[in-house]
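Contents: one structure, followed by commentary.
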Number of protein chains: 2
Amino acid sequence: MILKSQVEWALHCCAILAGLPEGRYLSTKALAELHGLPKEYLSKALQSLSQASLVETTLGPSGGYRLAKTPSDINFLEIVEAVEGKARSFTCTNIRANNPCRPEGYCDSKPCAVARIMWEADEAWRDTLRRVRLSDLVGTLSEEVPADIWRRTFEWVLKRAG
Amino acid sequence: MILKSQVEWALHCCAILAGLPEGRYLSTKALAELHGLPKEYLSKALQSLSQASLVETTLGPSGGYRLAKTPSDINFLEIVEAVEGKARSFTCTNIRANNPCRPEGYCDSKPCAVARIMWEADEAWRDTLRRVRLSDLVGTLSEEVPADIWRRTFEWVLKRAG
DNA sequence: GGAATTAAGGATATATCATATCCGAAAACC
DNA sequence: GGTTTTCGGATATGATATATCCTTAATTCC
Ligand code: FES
Ligand code: FES
């Protein structure tokens with residue numbers, strides 16, 4: 001069970017977009033260069049964010065992406081689910097129904113106890129991600145990333161933002 | 001991000017083994033029949049449980065598997081990790097290091113803030129699984145599975161247990 | 001001792017999914 | 001009108017999950 005690398009990409013891209021001044025857009029090309037990622041494939045991740053209405057886009061030169069909501073209105077789970085999908089990590093194939101001792105046509109009233117526990121754990125994972133806002137991440141990063149790197153990065157970004 | 005179906009298989013097999021009388025073994029063949037699973041492939045899952053020292057085995061006719069510990073000393077996480085591996089679901093490829101604005105040879109002191117949050121969620125998932133004991137599952141199942149099916153199942157199992 | 005049964009592990013095949021690239025269409029800017 | 005951009009579809013490649021087969025060694029039963 002491993003998350004796709006797109007998750008890391010999407011989260012970092014959102015963190016950058018969160019630092020963009022009101023009304024400006026940043027292109028896939030710039031985001032790919034900044035993170036050293038394949039532009040075409042990163043584009044798929046950004047499209048996922050777009051379909052989830054987390055980012056807005058505009059075409060043409062000076063086009064690109066910007067956040068569709070303020071960073072405090074976006075949480076980690078939204079971003080992760082946008083690229084990873086909303087499906088639960090555990091899928092029950094109902095093997096209990098194969099028990100030869102069950103009467104023909106017997107129908108279970110509840111989901112299997114095993115599945116319920118696995119889903120509870122899945123929900124705990126989602127809850128943790130839901131509680132972290134994009135603005136929290138930006139706050140942590142601005143504290144931890146050395147001030148000169150942080151400043152130069154956003155100068156670099158602004159030079160390319162349309 | 002999807003767990004392998006072996007996880008469901010292993011959990012259900014452990015639930016059955018938990019109901020086995022002291023000192024008896026149950027074969028892969030019986031466990032596969034009971035759950036309607038491919039015997040050869042289920043065998044791989046059981047081997048994983050064996051390597052994790054969750055079950056003990058013996059060879060020959062009347063051989064098979066039994067739990068290596070009491071059901072209250074086994075938790076869900078142990079079983080899940082035995083077949084799924086202990087690797088974290090989020091892997092950081094350190095894309096922040098590709099930032100062209102970083103000085104040559106700059107070395108981060110901490111893991112990335114993004115990764116720390118994803119790992120925290122992962123830990124919440126594991127914590128939930130760690131808190132559920134195999135004995136808890138058996139308790140729930142014995143309450144929820146209709147008494148006659150439950151009884152017939154273990155008659156079926158005992159007939160095949162060596 | 002010999003035949004049958006079983007777990008363990010290696011080799012291999014297949015299907016599904018993640019990763020990655022390419023292209024054409026439509027929109028926006030100059 | 002030409003350029004730049006997002007978007008979606010098509011396609012290729014690699015990794016992993018699923019599944020089967022076969023050999024070996026240990027154990028049981030006759
Ligand atoms: S039958 Fe699927 S988890 Fe129990
Ligand atoms: S660099 Fe990997 S999560 Fe930030």
Side-chain angles (χ1 to χ4, degrees), chain A residues 1-10 13 17 23-33 35-66 68 80 82-85 87 89-91 93 95 160-162, chain B residues 1-10 13 17 23-33 35-66 68 80 82-85 87 89-91 93 95 160-162:
Chain A
M1 184 195 60
I2 193 84
L3 292 166
K4 10 189 174 189
S5 51
Q6 298 223 10
V7 171
E8 183 182 6
W9 303 359
C13 286
L17 293 181
R24 315 274 300 267
Y25 293 88
L26 193 60
S27 72
T28 307
K29 182 157 172 286
L31 286 166
E33 261 183 67
H35 296 111
L37 301 173
K39 177 167 103 59
E40 316 283 349
Y41 193 31
L42 171 62
S43 163
K44 301 295 183 187
L46 297 172
Q47 281 174 40
S48 300
L49 294 178
S50 174
Q51 281 166 357
S53 302
L54 294 176
V55 298
E56 292 169 344
T57 69
T58 188
L59 297 181
S62 87
Y65 294 88
R66 71 177 176 201
V80 171
V83 306
E84 190 64 35
S89 60
F90 178 87
T91 54
T93 59
I95 60 175
R160 286 157 181 83
Chain B
M1 183 195 59
I2 194 82
L3 292 165
K4 11 188 175 190
S5 51
Q6 299 224 9
V7 171
E8 183 184 7
W9 305 358
C13 286
L17 293 181
R24 316 272 303 265
Y25 291 88
L26 193 61
S27 72
T28 308
K29 183 158 169 285
L31 286 167
E33 262 182 65
H35 297 111
L37 301 174
K39 178 166 104 58
E40 317 283 349
Y41 193 32
L42 171 62
S43 163
K44 301 295 183 187
L46 297 172
Q47 282 174 42
S48 299
L49 294 178
S50 174
Q51 282 168 355
S53 301
L54 295 176
V55 298
E56 292 170 344
T57 70
T58 187
L59 295 181
S62 87
Y65 295 87
R66 71 177 178 201
V80 171
V83 306
E84 189 65 36
S89 60
F90 179 87
T91 54
T93 59
I95 61 175
R160 285 157 181 84

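Naming: A, B, ... by sequence-line order, numbering from 1 per chain.
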Exercise. Could you walk me through whether B:Tyr41 and B:Gln6 pass the side-chain contact (heavy atoms from CB on, under 4.5 Å) test, one step at a time?
Key: CA-CA 9 Å; B:Tyr41 193 32; B:Gln6 299 224 9; 3.0 Å; yes
Self-check item: Where B:Leu54 and B:Ala82 come nearest, the two heavy atoms and their spacing
Solution: CD1-CB, 4.1 Å
Quiz item: Contact class for B:Gly64 vs. all strands (heavy atom < 4.0 Å): base, sugar-phosphate, or nothing?
Solution: sugar-phosphate
Quiz prompt | Strand contacts (DNA chain D) in residues 42-51 of chain B, 4.0 angstrom heavy-atom criterion | solution = B:Lys44
Quiz item: Would you find a donor on one side and an acceptor on the other, under 3.5 Å apart, between the side chain of B:Arg160 and the backbone of B:Ala30?
Solution: no
Quiz item: Rounded to whole angstroms, how far apart are NZ on B:Lys39 and C1' on C:dT5?
Solution: 10 Å
Self-check item: Given D:dT18, D:dA19, C:dT6, the nucleotide with the shortest approach to the side chain of B:Ser5
Solution: D:dT18
Exercise. Starting from the 5' end of DNA chain C, give me the residue, B:Gly63 or A:Trp9, whose nearest nucleotide shows up first.
Key: B:Gly63
Exercise. Quick one: list whatever passes side chain to side chain contact (heavy atoms under 4.5 Å, CB included) with B:Phe90, sequence neighbours left out.
Key: A:Leu3, A:Val7, A:Glu8, B:Cys92, B:Val114, B:Ala115, B:Met118, B:Trp119
Self-check item: side-chain contact (heavy atoms from CB on, under 4.5 Å) assessment of B:Ser5 paired with B:Leu37
Solution: CA-CA 11 Å; B:Ser5 51; B:Leu37 301 174; over 6 Å; no
Exercise. Select one nucleotide: of D:dC7, D:dT18, C:dA18, the one nearest the side-chain heavy atoms of A:Thr57.
Key: D:dC7
Exercise. Name the nucleic acid region contacted by B:Tyr25, choosing base, sugar-phosphate or nothing; use a 4.0 angstrom heavy-atom cut-off, strictly under.
Key: nothing
Quiz item: Is there a side-chain polar atom (N or O) of A:Tyr41 under 4.0 Å from OP1 or OP2 of D:dT11?
Solution: no
Quiz prompt | Heavy-atom check, side chain of B:Leu46 versus side chain of B:Leu31, under 4.5 Å | solution = yes
Quiz item: Taking all atoms of both residues into account, what is the closest heavy-atom pair of A:Thr57 and A:Ser50, and its distance?
Solution: CG2-OG, 4.0 Å
Exercise. With side chain to side chain donor-acceptor pair (under 3.5 Å) as the test, would you mind laying out the steps for A:Glu56 and A:Tyr25 before giving the verdict?
Key: CA-CA 9 Å; A:Glu56 292 169 344; A:Tyr25 293 88; 4.8 Å; no
Practice problem: Can you tell me the distance, in whole Å, between the CD atom of B:Glu56 and the C1' atom of D:dA26? | Solution: 16 Å
Practice problem: Take the protein atom CD1 of B:Ile2 and the nucleotide atom P of C:dA18, then report the distance between them rounded to whole Å. | Solution: 10 Å
Practice problem: Would you mind building the protein contact string for nucleotides 23-30 of chain C? One character per nucleotide, 5' to 3', B for base within reach (heavy atoms under 4.0 Å), S for sugar-phosphate only, - for untouched. | Solution: ----BBS-
Practice problem: Starting at atom CD of B:Gln6, determine the distance to atom P of D:dT20, rounded to an integer number of angstrom. | Solution: 12 Å
Quiz item: C:dT19 C1' sits how many Å from A:Leu37 CG, rounded?
Solution: 12 Å
Practice problem: Round to the nearest Å and state the distance from B:Arg24 atom CZ to D:dT27 atom P. | Solution: 19 Å
